[in-house]
S.K.: 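Structure in structure tokens, see below.
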Amino acid sequence: VPSFPFLFKSQQRNHRKITVIDGAVGYLGGFNVGKEYVDQDPMLSPWRDYHLKITGPAVEDLQQLFFKDWEEANGEKMQYRDVFRKEYLKGDHQVRFFSTDGAYLEEEYIRLVDSAESSIILGTPYFIPSSPLLKALERALEREVSIQIIVPAASDHPLVKEASYPSFRRLIPLGAKVHQYQNGFFHAKYILIDDAFMDIGTANFDKRSLFLNSEVNCYLYDKEIVDAFKQEVEKDMRNSTIMKLEDLHAAGLWTRLKENTAALLSPFL
């Protein structure tokens with residue numbers, strides 16, 4: 001029977017979603033390839049997600065990351081000469097990719113939370129933060145940073161919904177607002193800070209993304225893009241209801257049992 005570190009390592013997976021076409025157009029975000037992502041799963045439709053289309057010099061960086069993953073998966077080393085490569089004009093917006101392989105994402109998220117001066121809006125299908133990351137959110141609330149968290153009301157996996165409840169019991173009394181998305185399944189992964197910085201990517205706000213998965217996030221800083229993104233986030237909120245602390249306290253025996261089970265399994269959820 002595998003012991004702890006080997007069992008933990010066996011859970012690692014590449015959770016990145018990268019598409020590069022002709023070396024000229026790149027895509028990344030929350031969409032996988034599956035029927036539920038195109039609203040063909042009656043239990044989860046409509047599917048709410050965010051995906052970025054990227055052109056310009058940044059595509060080369062995304063392609064290089066794909067080459068790295070390809071080599072690790074099957075040992076084949078790809079070179080730029082093996083694929084179409086485009087001569088790019090200078091891009092219109094600042095873009096930064098942040099890729100992780102089961103390390104450093106916790107520290108990066110803590111840095112982002114600690115940098116907030118007025119507001120944090122966080123969207124994620126799975127909210128299972130580590131203890132240090134949860135404490136960073138509590139510190140932000142204590143310095144009167146507005147925190148709004150958008151999560152799905154429905155669940156696509158057992159236990160992940162209940163796994164979030166202990167954290168919400170700590171954050172809501174401090175002033176955080178938790179929005180439960182009602183119009184289908186919410187699979188978006190984003191962070192908006194001070195209406196000036198946005199992060200969209202593949203990483204969920206959970207321990208699996210923090211400590212196990214290979215992920216890639218995209219940072220954007222331009223006001224034009226951030227403002228357009230904020231309008232979409234406001235749609236998410238309008239399609240949500242606010243979670244009430246009394247509802248969490250009134251959870252039944254079955255919900256409490258699932259919550260306790262989820263606490264034990266949280267590193268793998």
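This chain uses plain numbering: 1 for the first residue, then up along the sequence.
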S.K.: Quick one about E215 and T202 (side-chain donor to acceptor, distance below 3.5 Å, no hydrogens or angles considered), yes or no?
M.R.: yes
S.K.: Do other residues, nucleotides or ligands put more than 12 heavy atoms under 6.0 Å from the CD atom of E117?
M.R.: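 Counting neighbours around CD of E117, 12 or fewer heavy atoms of other residues, nucleotides or ligands fall under 6.0 Å, so no.
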S.K.: Is the backbone of E76 close enough, under 3.5 Å, to the side chain of N74 for a donor and an acceptor to pair up by distance?
M.R.: yes
S.K.: Show your reasoning for whether side-chain contact (heavy atoms from CB on, under 4.5 Å) applies to L134 and L171.
M.R.: CA-CA 8 Å; L134 183 61; L171 295 175; 3.8 Å; yes
S.K.: Any non-hydrogen side-chain atom of F97 less than 4.5 Å from a side-chain atom of L28?
M.R.: yes
S.K.: Can you name the closest pair of heavy atoms from G201 and N217 and give their distance?
M.R.: CA-OD1, 3.6 Å
S.K.: Indicate every side-chain donor-acceptor pair of residues 144-151 with a distance under 3.5 Å to a residue at least two apart or in another chain.
M.R.:
unit_1: Q148; atom_1: OE1; unit_2: H179; atom_2: NE2; d: 2.8

S.K.: Between T124 and D206, is any pair of side-chain heavy atoms under 4.5 Å apart?
M.R.: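 SC-SC contact between T124 and D206 ruled out.
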S.K.: What about the rings of F205 and Y109, do their centers lie closer together than 6.0 Å?
M.R.: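 Yes, they do, as the ring centres are separated by less than 6.0 Å.
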S.K.: Going by atom types alone, do Y190 and E232 pair a side-chain donor with an acceptor below 3.5 Å?
M.R.: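 No, no side-chain donor-acceptor pair sits under 3.5 Å.
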S.K.: Quick check: are there more than 12 heavy atoms from other residues, nucleotides or ligands sitting under 6.0 Å from NZ of K17?
M.R.: yes
S.K.: So, the side chain of R16 versus the backbone of T100: is there a donor-acceptor pair under 3.5 Å, distance only?
M.R.: yes
S.K.: If you count every heavy atom of other residues, nucleotides or ligands that lies below 6.0 Å from Y221 atom OH, does the total exceed 12?
M.R.: yes
